[in-house]
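Some notes on the structure that comes next.
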Amino acid sequence: MRTATCSGGVVEYPVLSGMLIWLGSLGAHSDLSFLLHSAAILAPFAFATTALLACMTRWWAMLWAAAPPLVLYSFHNWELPVVFTSVAAVAVVTYGRSLHPETGRPRLRLRTSAVCAAVLLGIGFSLKIYPGLFVLPLAVYVLTANGRGRRALDWAGGRVGGRSRDRDRRRDAAPVHGRGL
């Protein structure tokens with residue numbers, strides 16, 4: 001029986017994904033052993049993502065867990081760590097903003113949950129590019145999450161729009177000197 005060997009090549013993934021792929025290649029002497037090592041690395045990310053989704057959505061997480069693409073493609077593509085970091089970022093924010101049953105206040109301060117989510121999205125960005133796109137909605141949420149932030153943004157927006165109207169009114173109402181009737 002002939003043994004196959006893995007050969008090197010170019011990895012088009014960002015740094016952390018490349019490191020995970022390299023980790024999966026350690027000790028792999030064939031394509032099958034690389035696939036098995038990859039599955040061993042990626043399976044915990046699938047289980048952790050399923051657990052987070054179950055905490056957030058209860059039984060609806062079964063739609064994720066029982067989906068054929070998850071079973072068929074999860075170990076051929078290195079998306080599961082990225083999906084985990086994105087779902088974990090959303091989970092941190094939703095858990096942090098949920099109300100504590102005894103106190104009736106949010107479980108985490110907005111800043112704490114936003115920083116944790118931003119760190120997770122940063123790690124996700126080091127795995128793939130698209131979690132970086134989730135930073136903008138996170139920033140908008142942080143700026144508008146509580147009444148103070150929303151009122152401040154409304155006031156600032158109203159003030160910017162109001163300045164031009166005030167300037168126009170002052171110009172129209174100002175007496176014109178040097179012009180006689």
Side-chain angles (χ1 to χ4, degrees), residues 6 8-28 31 34-100 105-150 152-153 156-157:
C6 293
V10 176
V11 176
E12 79 278 0
Y13 290 98
V15 176
L16 285 182
S17 291
M19 289 178 66
L20 287 174
I21 294 169
W22 172 78
L23 186 65
S25 71
L26 291 177
D31 292 343
F34 177 72
L35 179 66
L36 293 175
H37 291 182
S38 298
I41 292 171
L42 294 174
F45 290 107
F47 291 128
T49 303
T50 303
L52 286 174
L53 288 172
C55 288
M56 288 190 297
T57 63
R58 306 287 184 248
W59 67 272
W60 285 95
M62 292 303 293
L63 293 175
W64 154 264
L70 179 65
V71 175
L72 294 174
Y73 301 115
S74 60
F75 305 125
H76 294 270
N77 198 347
W78 290 83
E79 295 291 328
L80 284 173
V82 187
V83 170
F84 169 73
T85 59
S86 300
V87 170
V90 171
V92 165
V93 172
T94 56
Y95 175 78
R97 300 312 293 165
S98 66
L99 299 179
H100 192 278
R105 303 183 86 195
R107 294 179 190 268
L108 296 172
R109 292 181 51 214
L110 178 62
R111 179 180 294 173
T112 304
S113 62
V115 166
C116 291
V119 167
L120 286 165
L121 291 175
I123 293 169
F125 185 76
S126 296
L127 289 162
K128 282 274 190 164
I129 302 300
Y130 73 84
L133 297 174
F134 300 147
V135 173
L136 183 61
L138 175 65
V140 169
Y141 178 74
V142 168
L143 290 173
T144 61
N146 57 15
R148 184 180 67 230
R150 186 176 297 124
L153 285 178

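We number each residue from 1, following the sequence as shown. Owing to the predicted nature of the structure, the values given are computational and were not obtained by experimental measurement.
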Less than 3.5 Å apart, which donor and acceptor atoms pair up between the side chains of residues 56-64 and the rest of the protein, not counting sequence neighbours?
{"unit_1": "Thr57", "atom_1": "OG1", "unit_2": "Leu53", "atom_2": "O", "d": "2.7"}
{"unit_1": "Thr57", "atom_1": "OG1", "unit_2": "Ala61", "atom_2": "N", "d": "3.4"}
{"unit_1": "Arg58", "atom_1": "NH1", "unit_2": "Cys55", "atom_2": "O", "d": "3.0"}
{"unit_1": "Trp64", "atom_1": "NE1", "unit_2": "Thr50", "atom_2": "OG1", "d": "2.9"}

Next item on the list: Indicate the atoms forming the closest heavy-atom contact of Val93 with Ala117, along with that distance.
Entry: CG2-CB, 3.5 Å
Check: Less than 4.5 Å apart, any side-chain heavy atom of Ser38 and any of Phe34?
Finding: yes
Next item on the list: Output every pair passing side-chain hydrogen bond (donor to acceptor under 3.5 Å, both in side chains) with a member in residues 118-129, not counting sequence neighbours, ordered by first then second residue.
Entry: Glu79-Lys128
Next item on the list: Return the minimal non-hydrogen interatomic distance between Ile129 and Pro14, and the atom names on each side.
Entry: CD1-CG, 4.3 Å
Checklist line | Test item: Leu16 and Pro81 side chains (from C-beta on) under 4.5 Å apart, heavy atoms | finding: no
Next item on the list: Please confirm whether the backbone N or O of Leu23 pairs with a side-chain atom of His37, one donor and one acceptor, at under 3.5 Å?
Entry: no
Check: Looking only at heavy atoms, which two atoms of Val92 and Ser113 are closest? And how far apart?
Finding: CG1-O, 3.5 Å
Next item on the list: Of all the heavy-atom pairs spanning Leu70 and Ala65, show the shortest one and how long it is.
Entry: CD2-O, 3.7 Å
Check: Got Tyr13 and Asn77 here, is their nearest side-chain heavy-atom distance under 4.5 Å?
Finding: yes
Checklist line | Nearest heavy-atom neighbours spanning Ala91 and Leu52 | finding: CB-CD2, 4.0 Å
Check: Any sub-3.5 Å donor-acceptor pair from Thr144's side-chain atoms to Val140's backbone N or O?
Finding: yes
Margin query: Out of the candidates Val82, Val83, Leu80, only one should pair with Leu127 under the side chain to side chain contact (heavy atoms under 4.5 Å, CB included) rule; please name it.
Written below: Val82
Notebook entry, point to check: What's the shortest heavy-atom distance between Thr49 and Val87, and which atoms?
Noted result: CG2-CG2, 4.0 Å
